[in-house]
Amino acid sequence: MTLPLTAPLLPKISKRSRRGPWKSSSAASRSMEFFKQRGEQYKAEIIDSIPDDTVSLYDQGGFVDLCRGPHIASTGQIGALKRLTSAGAYWRGDERNPMLQRIYGTSFPTQKELDTYLAKLEEIKRRDHRKLGKELDLITIQDEIGPGLVLWHPKGARIRLLIENFWREQHLKQGYELVYSPHVARLDLWKTSGHVDYYRDNMFASMKVEASEYQLKPMNCPFHIMIYKSHLRSYRDLPIRYGELGTVYRYERTGVLHGLLRVRGFTQDDAHLFCRPDQIEEEVSRVLDFTFFILRTFGFADFEVYLSTRPDKFVGSEENWIVATAGLDAALKGRGVAYRIDPGEGVFYGPKIDIKIKDVLGRSWQCSTVQVDFNNPERFGLSYVGADGKAHQPIMIHRALMGSIERFFGILIEHYAGAFPTWLAPVQAVVLNIPDKHRDYAQWLVGQLTAAGYRAEAGGRRPRDAGENGIGTWPKRSQHGDPGGPGATRPAEGRCGQGRADPVTIKLRGVLSFLNFGSTERFVSGKFGSSAWTENS
RNA sequence: GCUGGCGUAGCUCAAUCGGCAGAGCAGCGGUUUUGUAAACCGCAGGUUGGAGGUUCGAUUCCUCUCGCCAGCUCCA
């Protein structure tokens with residue numbers, strides 16, 4: 001059948017795949033002939049690649065499938081079936097191969113379980129940061145500017161500033177030095193670093209300036225290296241930790257761009273640690289602690305940790321790889337972190353630890369990464385003077401805790417469904433003036449709140465504004481009106497939809513006190529502050 | 001980049017066979033007022049993503065292009 005898989009056809013497929021029992025049988029590799037005769041070239045090709053003498057086949061009403069199995073014993077076990085989407089997929093996952101048409105669907109033993117799953121998909125849709133980012137006026141990505149390039153609107157920028165201020169403050173406490181570096185540099189720098197050889201496909205084209213080529217930076221590391229190199233280093237100076245909220249530009253193929261989660265210009269919360277080989281474990285341990293602290297502060301509690309080991313193509317000595325991998329391993333074990341080995345998935349220049357964040361819906365996102373690097377110290381000829389008076393080569397550790405501010409923000413939006421905790425909320429309080437004639441008073445109150453350091457906004461002139469989505473998303477609300485009127489002055493109260501209205505007097509002092517609770521303290525995950533608090537002054 | 005789908009007002013969407021581009025919400029001006037997704041009247045809002053082509057006439061058909069979405073591949 002070579003009909004196009006358009007929408008009207010798919011319900012039929014849904015229906016048909018419902019009846020008949022499954023039978024299973026196994027056959028010798030002559031089944032390759034069977035599939036060839038049927039014109040099912042791909043199945044024959046797969047059998048060809050299976051070393052075993054026998055393969056297992058499943059027969060379902062004349063549809064014979066090659067499958068390691070198991071298929072379910074009976075289609076009667078399928079209580080509920082739903083087609084989800086259809087999309088192309090490369091044969092065997094290789095983009096050089098032809099594209100196949102794939103239909104995605106799911107089934108559950110009962111309709112109820114299917115409904116639960118579908119409700120979760122709806123919830124994911126509701127939390128989509130691309131939708132909320134626009135609705136809450138946090139960010140936009142506009143065609144005229146270019147795909148994958150983010151505009152941070154005032155409300156989004158407020159949150160970013162809070163994130164960045166927190167980040168800087170904590171890094172200083174942790175003994176990092178904060179640095180800045182330019183957005184472009186001579187192409188030669190990227191030749192030295194190896195990016196031109198290994199990373200060119202992800203770089204924007206270089207530009208000619210006067211007599212030399214310049215390159216928009218895809219990474220921050222060469223700059224930090226050059227700061228290290230700017231003078232002689234002693235073993236006593238190590239470890240040296242340079243941190244930077246460094247904005248990088250990478251050419252990502254159009255099909256991979258995805259809201260804030262995959263962009264072309266983004267800011268890494270980057271740092272490079274220069275240390276002696278014997279300091280790797282200690283430094284990595286510190287980074288792990290620091291990472292979990294930061295992530296928990298933003299409300300993330302569940303993580304997936306991976307240790308990626310040496311790939312086939314690698315640089316550096318085997319001995320260094322062993323030392324570095326052991327250092328990462330020891331740090332993870334020392335901190336009691338459960339992790340999985342991802343064999344051969346390390347970067348060519350060294351092994352790494354990746355930490356994926358699990359959000360409230362149980363989806364995981366790659367953010368944090370800790371990578372050991374032997375390559376760059378070698379390429380740039382880094383050294384320090386050891387206790388023996390001789391030159392030694394330091395080890396570099398690349399690390400990002402949030403990964404990129406853009407991606408992290410996208411995840412945050414979805415994690416909180418836009419209803420940020422008070423310390424991060426771009427609007428901590430909305431002052432509603434109902435009816436309109438109280439606008440001046442509302443403005444005055446907003447002015448008072450702003451002067452007191454809160455993020456407040458006046459909004460709405462009609463009763464229904466109180467129930468609006470955007471306004472309901474912000475943490476606190478205070479409403480002002482005439483006694484007994486439709487917009488009667490109401491107590492400041494908590495976030496709409498949480499069923500928690502905290503009675504507070506409407507006097508300015510009361511509003512300030514109410515806001516003060518939990519407005520600046522940061523949440524630690526698992527301890528989401530309740531707003532159960534009253535004032536009766 | 002690849003396969004498939006889709007671009008109409010700030011947002012969500014209409015527009016029959018190719019025949020005058022429309023509605024709700026948001027906005028603005030009024031009127032009104034029992035407390036959480038919707039009070040009433042009016043006004044304004046558009047180069048139908050862009051460029052070509054076919055046609056008396058294109059939102060509609062064709063070509064190219066830009067972008068978005070679902071995946072594949074890749075990744076922070």
Side-chain angles (χ1 to χ4, degrees), chain A residues 4-7 10 84-104 125 128 130-131 134-135 137 140-149 199 201-202 218-220 246-248 250-270 345 347 352 354-357 365-369 371 398-411 430 432 434-437 460-472 477 479 481-491 493-499 501:
Chain A
L5 290 169
T6 48
L10 288 160
L84 297 172
T85 58
S86 61
Y90 293 110
W91 169 237
R92 313 207 101 176
D94 188 329
E95 64 178 325
R96 291 165 299 191
N97 286 336
M99 176 74 69
L100 310 177
Q101 189 67 22
R102 223 182 234 188
I103 302 171
Y104 294 79
K125 221 169 152 187
D128 193 316
R130 291 167 299 185
K131 180 169 162 277
K134 200 178 211 178
E135 274 178 17
D137 199 15
T140 52
I141 296 171
Q142 300 177 22
D143 200 359
E144 291 81 349
I145 290 161
L149 301 169
Y199 208 70
D201 289 349
N202 283 295
M219 299 212 180
N220 301 304
T247 304
V248 297
R250 298 183 185 173
Y251 169 71
E252 298 284 0
R253 300 197 289 179
T254 52
V256 307
L257 298 171
H258 182 89
L260 287 171
L261 302 183
R262 195 72 183 274
V263 293
R264 284 184 175 158
F266 58 99
T267 300
Q268 293 181 304
D269 68 319
D270 212 356
E345 288 301 307
V347 196
K352 63 170 180 173
D354 286 328
I355 298 172
K356 293 186 181 180
I357 293 175
W365 308 91
Q366 154 96 60
C367 294
S368 321
T369 186
Q371 308 175 351
H398 305 241
R399 46 112 285 188
L401 310 186
M402 297 181 287
S404 96
I405 305 287
E406 282 75 5
R407 175 176 289 183
F408 193 73
F409 186 43
I411 296 167
V430 178
L432 299 175
I434 303 168
D436 205 29
K437 66 183 176 186
R461 61 192 182 103
R462 288 164 300 195
R464 71 161 188 254
D465 289 338
E468 268 186 22
N469 198 6
I471 291 176
R477 170 153 23 96
Q479 181 170 315
D482 299 321
T489 295
R490 286 159 53 188
E493 61 190 39
R495 205 189 307 275
C496 189
Q498 290 187 339

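We name chains A, B, ... by the order of the sequence lines, and we start the count at 1 in each one. Note: hydrogens, waters and symmetry copies are ignored here, and every other heavy atom, side chains too, is used.
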Q. Does A:Asp143 or A:Gly255 map to a spot on RNA chain B nearer the 5' end, using the closest nucleotide for each?
A. A:Gly255
Q.
With nearest nucleotide decided by heavy atoms, which residue, A:Asp354 or A:Tyr251, maps closer to the 5′ end of RNA chain B?
A. A:Tyr251
What nucleotide among [options] has an atom nearest to a side-chain atom of [X]?
X: A:Arg407; options: B:U73, B:C66, B:A76; value: B:A76
X: A:Val256; options: B:A76, B:C74, B:C66; value: B:C74
X: A:Ser404; options: B:A76, B:G1, B:A70; value: B:A76

Q | Side-chain donor or acceptor of A:Arg262 paired with backbone N/O of A:Leu257 under 3.5 Å | A | no
Regarding [N], can its base be found pairing with the side chain of [X] as donor and acceptor, where the two atoms are less than 3.5 Å apart?
X: A:Gln371; N: B:A76; result: no
X: A:Arg250; N: B:C75; result: no
X: A:Arg130; N: B:C68; result: no

Q. What nucleic acid atoms does A:Glu406 come within less than 4.0 Å of, heavy atoms only: base, sugar-phosphate, or nothing?
A. nothing
Q) Can you tell me how far P in B:A21 sits from the matching atom in B:U48, rounded to whole Å? A) 10 Å
Q) For A:Thr254 and B:G1, is the shortest distance between a side-chain N/O and OP1 or OP2 below 4.0 Å? A) yes
Q. Are OP1 or OP2 of B:A70 and a side-chain N or O of A:His258 less than 4.0 angstrom apart?
A. yes
Q. What's the verdict on salt bridge (Lys or Arg N to Asp or Glu O under 4.0 Å) for A:Asp354 and A:Lys356, showing C-alpha distance, side-chain angles and the deciding distance?
A. CA-CA 6 Å; A:Asp354 286 328; A:Lys356 293 186 181 180; over 6 Å; no
